[in-house]
Participant: 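This is the structure I want to talk about, given as structure tokens.
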Amino acid sequence: MNVLTQNFQLYGDGFLGTLRLTVYSSLLALALGVVMAGFRVAPVGALRGVGTAWVAVLRNTPLTLLFFAMLLGLPRFGVALPFELFAVLALGCYTSSFICEAVRSGINTVPLGQGEAARSLGMTFGQTLGTVVLPQAFRTVIAPVGSTLIALCKNSAIAGSFSVTELLSTYKTLNENGYSVLWSFVWIALGYLILTLAISALFHFMERRWGAAR
Amino acid sequence: MEPLIELRGVNKHYGTLHVLRDINLTVGRGEVVVVIGPSGSGKSTLCRIINRLETVESGTITLAGRNLPAEGKELARLRAEVGMVFQAFNLFGHKTVLANVMLAPLKVRGQKKDKAQARALDLLERVGLADQAAKYPAQLSGGQQQRVAIARALAMDPEALLFDEPTSALDPEMISEVLEVMRQLAQEGMTMVVVTHEMGFARSAANRVVFMAEGQIVEDRTPEEFFTAPESDRAKDFLSKILKH
Ligand SMILES: Nc1ncnc2c1ncn2[C@@H]1O[C@H](COP(=O)(O)OP(=O)(O)O)[C@@H](O)[C@H]1O
Ligand SMILES: [Mg+2]
């Protein structure tokens, strides 16, 4: 118990670090994922190509490799960012490929006739997607997107190995200061549990609210 | 008569299947053309290429003299000039009846909300469904849904309407309420292409009957001529089958 009370500041910073990583990366992943899903069903071949390549590359690259690629690759093009921002980019892009596939399978549950009716009324592809197809895909997408964001939260632990303040990396300091490894990890695990349960609860609420509608 | 929809030498394949073979068809402004033919003869495809829901490999499709472009905003604009009514209604499931009718005028035409709403209520009144405006499509009968779909198409003030078997998914007692709305539109001078097996409607409302078989237009004549003296064996055969019951 005293591991927590004596190191509250350290734990708190780690927890907030993980929370920030999770929130910002989630927002980036959601935005990119929806756009890429739109690309993948677009009538323009080039856009579909971009969407397909995006998913193929990011979903099949180990996240750690992606962190290295961002940290070592981007500075070569003169992009110098704080470590935390690199981490958000890596996590957000990586997760967006999973969001994209969840949204795309949601889109596939909407009957084709819905989009055809919208197009026959003169709506553009963007209008059809935004006002007719995505709103109806939304409720089937809630649960898989929730799971993906929970995975993102836990994946954010990798950022600790790249000098980003986050929850898991607190164990190094605690270990050096001679605290019990077991108890250090118990409190770390609890921190992750709080975050993932919060995401779960949020998505449960959304499913109850919108998931079973009609 | 001024030609509104013109198809010239149109061909379409699905893989190796030649679905439309060298189609030539002119629909004049204010004309009602009924398309009949056996299942699989390409009637739906004909409707869908006029609205560019499907592309064609060769030939031209013009609307009031303007060529239909292949993709993009220009196509969307021309598409809005031709309304389509589907066999499966395809009302937007997540929107109320009123919102279904208002959506395209708001999004595509950029109309003000109160204007679009007043017009939508007018149209719902016209198809006899003003009292259902706040309901969702799933709460309506098939016949009611199809009448909403017609109102939704009309809300864009299209130059022509395409109907692809609009009553085929309906229970018998609901067919006449939909046909009645269509008959009224025909009388008011709407240009219509109607795929249907309702021979009564074809006789009473159509200016011409187009008979299709295996992707070709086999006959294109007045209903009177077609029903009393079909020329081709395929039309005779088809009529004898459907008129028996
Ligand atoms: N999307 C498609 N892909 C492949 N074949 C199709 C497709 N749509 C229709 N067909 C085929 O094209 C032919 C004509 O279909 P359709 O126009 O629907 O005929 P109809 O409406 O007269 O019954 C049929 O043999 C049908 O199986
Ligand atoms: Mg058909």
Side-chain angles (χ1 to χ4, degrees), chain A residues 34-35 37-51 102-145 206-214, chain B residues 44 47-48 50-55 70-96 99-110 136-139 145 148-149 151-164 169:
Chain A
V34 171
V35 169
F39 278 14
R40 293 208 69 178
V41 296
V44 184
L47 292 184
R48 282 200 303 276
V50 170
V103 172
R104 191 169 67 106
S105 69
I107 288 173
N108 288 337
T109 64
V110 179
L112 274 180
Q114 294 285 305
E116 288 185 345
R119 281 155 65 207
S120 79
L121 287 164
M123 290 195 211
T124 60
F125 169 73
Q127 289 171 330
T128 301
L129 195 65
T131 61
V132 172
V133 178
L134 282 180
Q136 296 188 77
F138 179 65
R139 53 212 191 90
T140 55
V141 166
I142 297 172
V145 165
M206 292 206 290
E207 268 217 282
R208 281 239 305 278
R209 182 85 169 66
W210 293 295
R214 226 205 277 200
Chain B
S44 295
C47 281
R48 296 165 62 83
I50 294 176
N51 216 350
R52 264 282 198 270
L53 287 175
E54 303 283 351
T55 55
E71 264 309 331
K73 289 223 161 59
E74 184 64 19
L75 172 63
R77 185 155 61 237
L78 275 187
R79 229 183 223 148
E81 306 295 333
V82 180
M84 181 133 175
V85 175
F86 301 84
Q87 180 174 354
F89 328 132
N90 295 345
L91 292 179
F92 305 133
H94 62 310
K95 297 206 173 275
T96 64
N100 262 274
V101 181
M102 287 168 61
L103 185 64
L106 289 176
K107 294 278 166 192
V108 178
R109 298 262 195 254
Y136 283 86
Q139 297 171 289
Q145 288 190 54
V148 173
R152 179 177 70 176
L154 287 174
M156 291 300 284
D157 293 316
E159 300 201 47
L161 279 182
L162 310 171
F163 294 82
D164 187 8

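Chain letters run A, B, ... following the sequence lines, proteins first and then strands; every chain starts at 1.
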Participant: Go through the atoms of Val85(B) and report whether side chain, backbone, both or neither lie under 4.5 Å from a heavy atom of chain A.
Facilitator: neither

Participant: With a 4.5 angstrom heavy-atom cut-off, which part of Arg152(B) approaches chain A: side chain, backbone, both or neither?
Facilitator: both

Participant: Within residues 121-128 of chain A, which residues come under 4.5 Å of chain B, heavy atom to heavy atom?
Facilitator: Leu121(A), Gly122(A), Met123(A), Thr124(A), Gln127(A)

Participant: Could you pull out the closest heavy-atom pair between Gln114(A) and Gly93(B), with the gap in Å?
Facilitator: OE1-N, 3.5 Å

Participant: Less than 4.5 Å to any heavy atom of chain A: does that hold for the side chain of Leu91(B), its backbone, both, or neither?
Facilitator: backbone

Participant: Do any pairs count as a salt bridge (Lys or Arg N to Asp or Glu O under 4.0 Å) and have a residue in residues 39-50 of chain A, sequence neighbours left out, and if so which ones?
Facilitator: Arg40(A)-Glu101(A)

Participant: I want to check something: taking the side chain as every heavy atom from C-beta on, are Glu116(A) and Met84(B) in contact at a cut-off of under 4.5 Å?
Facilitator: no

Participant: Roughly how far, to the nearest 0.5 Å, is OG of Ser120(A) from CD1 of Ile50(B)?
Facilitator: 13.0 Å

Participant: So which heavy atom on Phe92(B) is nearest to which on Ala117(A), and how close?
Facilitator: CE2-CB, 4.0 Å

Participant: Top residue by heavy-atom pair count (under 4.5 Å) with chain A, among Gln139(B), Lys107(B), Met156(B)?
Facilitator: Lys107(B)

